[in-house]
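We name chains A, B, ... by the order of the sequence lines, and we start the count at 1 in each one.
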Number of protein chains: 2
Amino acid sequence: MKLGHMSVPGDCDRISPILSHVGNKWAALTVLVLSEGPKRYNQLRREIETVSQRMLTVTLRGLERDGLVRREVFAERMPPQVEYSLTPLGETLVQPLFALCQWSAVNCDAIERNQADYDGPGRHARQAG
Amino acid sequence: MKLGHMSVPGDCDRISPILSHVGNKWAALTVLVLSEGPKRYNQLRREIETVSQRMLTVTLRGLERDGLVRREVFAERMPPQVEYSLTPLGETLVQPLFALCQWSAVNCDAIERNQADYDGPGRHARQAG
DNA sequence: CGGGATCCTTTACGATACTG
DNA sequence: CAGTATCGTAAAGGATCCCG
């Protein structure tokens with residue numbers, strides 16, 4: 001796929017997995033929460049609330065693997081602490097991600113209305129046969 | 001979840017599903033391709049290449065439901081044509097989505113290197129254990 | 001051409017239990 | 001505290017066949 005006049009450099013085959021990865025719900029929320037500063041594991045868990053322990057771990061490992069998040073262990077501390085923070089590369093993601101987040105926040109009312117509109121009137125409804 | 005100093009208005013409970021929806025691989029690609037102008041069904045299918053017929057349909061219905069994409073049927077034409085285009089709301093999504101797409105394009109090399117780095121050295125590799 | 005319906009495989013994800 | 005390992009379900013997604 002090409003983006004014509006907008007000319008995204010390189011393959012969309014390579015960017016689309018990345019896009020779907022960072023556009024991923026948990027990954028996006030994690031990056032956004034970490035943009036406030038370094039956080040510990042259970043701190044992240046509490047702030048993202050709806051995330052399960054398993055998905056938080058999986059997400060953090062993924063982001064660490066991408067080089068977007070750094071993991072630091074402080075075994076000397078009591079209790080032992082693990083701190084997560086954004087890498088410089090991770091920081092560069094915050095702005096575009098936040099912009100998309102803003103867009104969602106601004107337009108979620110309109111979208112929910114559109115959905116209700118689409119579902120309701122029966123033009124499209126398949127359940128009422 | 002709150003975004004502290006950045007203060008995303010409203011619940012993140014409502015924006016995160018939307019974010020994961022528009023951040024969705026197929027939805028994002030579809031919106032981006034449609035930002036070039038109206039396209040017909042099989043035209044979209046060819047341009048997005050890797051998309052299956054089923055997923056394209058599902059994605060288009062979802063975007064239509066959100067009010068981001070408009071579907072117009074021209075039965076009079078030969079052969080009968082169905083044209084998809086962005087709504088004004090859909091247009092407003094292009095810019096932030098494109099920004100994220102650009103980020104992916106710019107950083108995909110670095111990310112792939114990070115991943116190889118993370119997987120390779122054996123520090124993290126579990127398979128060779 | 002532009003899909004809908006169905007089947008089947010893969011993946012995502014949550015719940016639970018255990019560890020250092 | 002900060003995880004890992006395993007299990008079972010639900011959702012995503014591809015392949016295929018069929019229709020107007």
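- Other residues, nucleotides and ligands contribute only 12 or fewer heavy atoms inside 6.0 Å of the CD atom of B:Q95.
- Taking atom CD on B:E72 and atom C1' on C:dG3, their separation rounds to 18 Å, with Å as the unit.
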> Reading nucleotides 15-20 of chain D 5' to 3', which nucleotides get B (base under 4.0 Å from a protein heavy atom), which S (sugar-phosphate only), which -?
Replying inline: BB----

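- Between the CG atom of A:L60 and the P atom of D:dA2 there is a distance of 11 Å, given to the nearest Å.
- Atom OH in A:Y41 sits about 8 Å away from atom P in D:dT4, given to the nearest Å.
- Out of C:dG2, C:dC13, C:dG4, the shortest distance to the side chain of B:V82 is found at C:dG2.
- Distances from the side chain of B:M55 to the nucleotides C:dG3, D:dG14, D:dC1 place D:dG14 closest.
- Proximity note for B:N42 (side chain, C-beta onward) versus C:dG2, C:dG4, D:dC1: the nearest is C:dG2.
- For the pair A:H21 NE2 and C:dT11 P, the computed distance is 15 Å after rounding to whole Å.
- Here the nucleotide nearest the side chain of B:Q81, chosen from C:dG2, D:dA2, C:dC13, is C:dG2.
- Ion pairing of B:E47 with B:K39 is present here, as a side-chain N (NZ or NE/NH1/NH2) and a carboxylate O approach within less than 4.0 Å.
- Contact check for A:I111 versus A:R113: no side-chain heavy atoms found under the 4.5 Å cut-off.
- Rounding to whole angstrom units, CG of residue A:L56 and C1' of D:dC1 are separated by 13 Å.
- Straight-line distance from the NZ atom of A:K25 to the P atom of C:dC13: 8 Å, rounded to whole Å.
- Residue-level contact check: A:Y84 touches the backbone only, with heavy atoms under 4.0 Å from sugar-phosphate atoms and none from bases.
- Between A:L86 and A:L68, the closest side-chain pair of non-hydrogen atoms is not below 4.5 Å.
- Backbone-only contact: A:R71 has heavy atoms under 4.0 Å from sugar-phosphate atoms and none from a base.
- Residues A:L19 and B:A28 share a closest heavy-atom pair of CD2-CB, 3.6 Å.
- Closest to the side chain of A:W26, from the set C:dG2, C:dC13, D:dA2, is C:dC13.
- Judged purely by distance below 3.5 Å, without hydrogens or angles, the side chains of A:Y84 and A:T30 never pair a donor atom with an acceptor atom.
- Atoms CG (A:N24) and P (D:dA11) sit 17 Å apart, rounded to a whole Å.
- Rounded to an integer number of Å, the gap from A:F74 CZ to C:dG20 P is 24 Å.
- Listed by chain and residue number, B:W103 satisfy the side-chain hydrogen bond (donor to acceptor under 3.5 Å, both in side chains) test with A:T92 (two or more places apart in sequence, or in another chain).
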